[in-house]
Amino acid sequence: MQHVLPPLPYPEHALAPVLSAETLAYHYGKHHRAYVDKLNELTRAPSLSDLSLDQLVRGQTGVLFNQAAQVWNHTFYWRCMSPARISAPPALVNAIANDLGSWASFEERFKTAASEQFGSGWAWLVRGLSGKLEIVTTDNADNPLRSGATPLLTCDVWEHAYYIDYRNERKRYVEAWWNIVDWQFVARQLG
Ligand code: FE
């Protein structure tokens with residue numbers, strides 16, 4: 001199958017000033033597109049061309065996994081954001097309170113995890129194997145699906161996600177990013 005770059009859920013300028021149109025032009029238009037193009041190059045063989053993106057993320061290793069997971073992760077990341085300032089529905093607030101103590105504790109722990117992830121990677125809210133919500137971080141392209149968890153939310157903390165707008169100040173990016181999370185989308189991932 002041919003992997004395609006999914007359309008952004010909003011125009012490139014829609015997340016400004018939190019994320020500029022220039023950041024989206026590069027992050028979506030160059031980085032994400034390059035992962036899709038490279039994945040298509042790597043999956044030309046008949047034994048690989050029938051596998052879905054999910055199958056590639058769950059079952060492959062090395063360079064093929066890296067490209068597939070970066071396509072998956074970025075597609076999910078764009079969907080986790082909205083220009084509409086969407087507040088969290090009660091079902092999500094309650095699930096967070098039950099499993100992570102309180103919304104304030106969740107917010108603080110997620111922001112800290114994203115800010116302090118060493119090097120390139122991702123911060124996630126996931127439903128873990130136990131069924132409870134958890135905050136985890138992954139290195140580089142890695143994805144929680146690999147350990148059986150269900151992703152609900154992710155923040156890209158590779159430098160390419162924030163360097164144009166925030167330079168080295170990842171913490172400031174994470175603080176601002178929090179305000180454009182689409183909490184309805186996150187709640188829908190609860191299933
Ligand atoms: Fe990225």
Side-chain angles (χ1 to χ4, degrees), residues 2-43 52-54 56-58 60-83 110-126 135-147 149-183 185-186 189:
Q2 184 78 5
H3 298 279
V4 295
L5 181 67
L8 274 180
Y10 31 74
E12 286 185 354
H13 59 78
L15 301 179
V18 174
L19 296 176
S20 65
E22 186 182 1
T23 285
L24 268 72
Y26 277 82
H27 196 182
Y28 170 74
K30 306 272 188 204
H31 291 275
H32 193 175
R33 183 182 303 279
Y35 292 127
V36 173
D37 290 346
K38 182 82 182 185
L39 182 62
N40 281 321
E41 276 173 36
L42 292 170
T43 53
S52 70
L53 186 62
D54 253 54
L56 291 166
V57 169
R58 291 172 193 271
Q60 296 296 317
T61 56
V63 66
L64 185 48
F65 167 75
N66 286 338
Q67 299 300 326
Q70 284 295 77
V71 173
W72 196 105
N73 295 355
H74 283 90
T75 301
F76 193 73
Y77 171 70
W78 304 124
R79 296 176 70 202
C80 285
M81 297 180 282
S82 168
F110 189 97
K111 287 177 174 175
T112 300
S115 300
E116 294 184 358
Q117 157 69 13
F118 186 77
S120 295
W122 302 79
W124 307 81
L125 175 67
V126 302
I135 295 162
V136 298
T137 56
T138 57
D139 293 334
N140 300 319
D142 208 1
N143 180 304
L145 289 170
R146 304 275 279 182
S147 52
T150 304
L152 308 184
L153 167 70
T154 195
C155 181
D156 187 342
V157 298
W158 285 56
E159 285 186 346
H160 67 222
Y162 59 88
Y163 221 82
I164 291 170
D165 297 322
Y166 300 91
R167 297 301 172 188
N168 59 320
E169 296 182 80
R170 187 196 288 177
K171 191 165 186 295
R172 214 156 57 76
Y173 154 66
V174 172
E175 285 287 344
W177 172 86
W178 187 262
N179 297 312
I180 55 168
V181 171
D182 182 346
W183 296 108
F185 172 78
V186 178
Q189 313 314 305

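For ligands, and for the atoms within them, numbers begin at 1 and follow the listed sequence. When reading the values below, keep in mind they use all heavy atoms of this one structure, side chains included, and skip hydrogens, waters and symmetry mates.
Here the two rings, on Tyr77 and His32, have centers that are 6.0 Å apart or farther. Taking the six-membered ring where the residue is Trp, the centroids of His74 and Trp122 are separated by under 6.0 Å.
A donor-acceptor contact shorter than 3.5 Å links the side chain of Thr75 to the backbone of Val71.
Because the distance cut-off is set at 2.8 Å, His74 qualifies as a neighbour of the Fe ion (ligand 1) through one of its N, O or S atoms. The Fe ion (ligand 1) lies under 2.8 Å from an N, O or S atom belonging to His160.
Note: Trp78 and Tyr28 have perpendicular aromatic rings, judged against thresholds of 30 and 60 degrees for the angle between ring planes.
Asp156 contributes atom OD2 as its closest N/O/S atom to the Fe ion (ligand 1).
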